[in-house]
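Some notes on the structure that comes next.
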Amino acid sequence: MNTYDSVRMAELLNGTGIYESVDDPAHADLIIFNTCHIREKAEDKLFSELGRMRKSLKGRDVRFAVGGCVAQAEGYQIFRRAPFVDLVFGPQNYHRLPRLLQRLEAGESRICDDAEHAESKFEALPDTRTGGPIASVAVQEGCDKFCAFCVVPFTRGREWSRPVDEILAEVTELARGGTREIHLLGQNVNAYKAMDGDGVDHDLALLIRQVALIDGIDRIRFVTSHPVDMNEDLVEVFGDVPELCAYLHLPIQSGSNRVLDGMERGHDVDAYRHWVKRLRETSPDIALASDFIVGFPGEDEAAFEETLAFVEEIGFDHAYSFKYSSRPGTPAAEMEHAVEESVKTERLARLQAVLNRHQEMKNKAQVGKIESVLVEGVSRRHSGEIMGRTSGMRTVNFAGSESLIGKIVSVQLTEGRANSLRGCLIDEECDRLDAE
Ligand code: SAH
Ligand code: SF4
């Protein structure tokens with residue numbers, strides 16, 4: 001979501017005719033930090049990066065702006081920790097950037113805009129979108145779930161869905177510019193609920209069906225989903241919309257019902273099992289990803305082992321895992337039975353060992369398959385190679401020409417590694433390998 005917001009800020013400012021994006025901060029007159037508040041580490045990073053960046057500019061006169069969720073949560077406090085910052089703005093206010101910057105130009109200093117209006121933001125953003133082969137479109141913002149550990153409802157505001165027609169127009173515009181894969185974004189994307197211009201209610205499943213009808217869109221993904229908002233319709237789209245990639249990111253956080261209860265997630269382990277079963281019945285090759293938090297207050301060794309057992313049972317293709325980070329203002333910050341840092345570190349390592357083993361096993365199990373891959377760019381690891389992702393979101397590196405970037409090609413998977421796969425382009429490279 002932050003990446004999406006940053007892209008939109010750049011589009012907005014480029015469109016003013018006053019600003020132009022540059023690749024190197026050394027050439028910038030304005031530097032915007034778009035920030036994340038989800039864990040304490042992300043927040044600390046802002047202040048160390050601000051200081052480092054300012055020092056690297058060696059006294060050059062540059063304006064600094066801080067946007068995103070740290071800006072929303074800290075507001076004016078940011079000026080106290082980094083007095084050289086000129087502008088602070090929340091994630092719902094970046095459409096006002098041109099106006100806020102004008103006020104700075106007119107001589108105002110230390111402006112803080114942290115009002116919350118998701119609706120007006122999208123209306124005010126430019127219609128023009130420029131994406132590469134893959135582009136994101138925000139469809140839902142905010143969260144009403146108030147999980148005990150999480151700051152999102154406080155920084156991103158209440159749950160809100162963008163109107164259907166606005167989303168379809170944005171996707172159409174991207175498709176016209178050559179985008180082939182769309183990522184529908186939301187903090188709880190599967191809670192999407194909005195009407196189209198004819199007054200017809202749409203949930204996420206119907207929105208996906210509509211996006212799939214847009215000419216040029218060959219692949220669709222959506223992130224992030226909540227188990228409580230899963231429904232049968234959403235399972236069925238995996239079975240009957242070929243454009244929808246066989247990948248679902250469905251965070252569970254813990255495999256212990258007691259911990260899930262303390263987290264106030266609103267569902268138990270069995271509810272999650274149910275959706276995994278239904279998804280695998282409908283789309284047998286679906287890749288499943290999840291999020292985990294270790295060391296939530298009250299998580300004892302037995303509860304943690306339930307998480308390990310659950311991971312073994314489900315066999316996730318990919319996962320993000322974090323140490324619980326106490327966030328001021330959330331109910332969990334006041335809870336007893338905090339878990340010691342050293343225990344969190346040890347549990348995270350144990351969990352990640354299991355998750356990584358599964359990921360590598362799943363990658364190796366792909367070897368021999370022929371997959372469609374949307375070529376995203378040149379490989380970072382292997383010089384002379386290009387890379388892209390399979391429908392299941394696995395990264396594949398393979399020999400091929402850069403002219404294939406933006407195209408969907410057939411690739412035979414030849415080697416599974418911990419974080420990626422290697423493969424060969426079916427028509428060219430595979431024949432040659434056969435001959436050898
Ligand atoms: N809405 C999504 C997740 C959004 S936040 C959901 O509910 O699944 C992204 C991830 O950050 C969460 O899934 C969680 O694993 C992690 N996270 C959120 N707050 C955290 C905290 N206080 N400490 C550690 N991890 C946290
Ligand atoms: Fe945070 Fe997700 Fe829970 Fe909302 S549903 S409070 S975003 S973890």
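As the structure lists them, so they are numbered: ligands from 1, and atoms in each ligand from 1.
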Relative to the heavy atoms of [X], which atoms of ligand 1 are at a distance of less than 4.0 Å?
{"X": "Q187", "result": "1 (N), 2 (C)"}
{"X": "R39", "result": "11 (O), 16 (C), 17 (N), 23 (N), 24 (C), 25 (N), 26 (C)"}
{"X": "K323", "result": "23 (N), 24 (C)"}
{"X": "F322", "result": "11 (O), 15 (O), 16 (C), 25 (N)"}

Q.
So that I can check it, does any N, O or S atom in H226 come closer than 2.8 Å to atom 3 (Fe) of ligand 2?
A. no
So is [X] polar-close to ligand 1, meaning N/O to N/O under 3.5 Å?
{"X": "R327", "value": "no"}
{"X": "Y324", "value": "no"}
{"X": "P251", "value": "no"}
{"X": "H226", "value": "no"}
{"X": "T224", "value": "no"}

**Q.** Under 2.8 Å: N/O/S of C150 next to atom 1 (Fe) of ligand 2
**A.** yes
Q) Got the closest protein heavy atom to atom 2 (Fe) of ligand 2, with its distance? A) R265 NH1, 4.0 Å
**Q.** Shortest protein contact, atom 4 (Fe) of ligand 2 (heavy atom only)
**A.** C143 SG, 2.2 Å
Q: Before giving the answer on ring-ring contact (aromatic ring centres under 6.0 Å, His included), spell out for W160 and Y192 the whole-Å C-alpha distance, their side-chain angles and the decisive distance to 0.1 Å.
A: CA-CA 8 Å; W160 179 77; Y192 181 84; 9.4 Å; no
Under a 4.0 angstrom heavy-atom cut-off, which atoms of ligand 2 come close to [X]?
{"X": "F149", "answer": "8 (S)"}
{"X": "N188", "answer": "4 (Fe), 5 (S)"}
{"X": "P153", "answer": "6 (S)"}
{"X": "C147", "answer": "3 (Fe), 5 (S), 6 (S), 8 (S)"}

(Q) For the aromatic rings, using the six-membered ring if either is Trp, is the centroid distance between H382 and F398 under 6.0 Å? (A) no
For ligand 1, indicate whether the residue [X] contacts it via side chain, backbone, both or neither (heavy-atom separation under 4.0 Å).
{"X": "H37", "result": "neither"}
{"X": "K145", "result": "neither"}
{"X": "T330", "result": "neither"}

Q: Assess whether side-chain contact (heavy atoms from CB on, under 4.5 Å) is satisfied between V354 and R350, documenting all intermediate values.
A: CA-CA 7 Å; V354 181; R350 283 163 69 199; over 6 Å; no
Q. Which of these, K364, Q352, H318, sits in a side-chain hydrogen bond (donor to acceptor under 3.5 Å, both in side chains) with Q359?
A. H318
Q | Geometric cation-pi criterion R96 and F89, 6.0 Å radius, 45° cone | A | no
(Q) Does this structure show an ion pair linking R357 with E312, if we count only N-O contacts that are shorter than 4.0 Å? (A) yes
Q. If you count the non-hydrogen atoms of other residues, nucleotides and ligands that lie under 6.0 Å from CG in D23, is the total more than 12?
A. no
(Q) With a 6.0 Å cut-off (strictly less than), is the heavy-atom count around CZ of R380, excluding the residue itself, greater than 12? (A) no
Q.
Under 4.0 Å, heavy-atom basis, I'd like to know which part of P251 is in contact with ligand 2: side chain, backbone, both or neither.
A. neither
Q | N93 side chain to D113 side chain, donor-acceptor N/O pair below 3.5 angstrom | A | yes
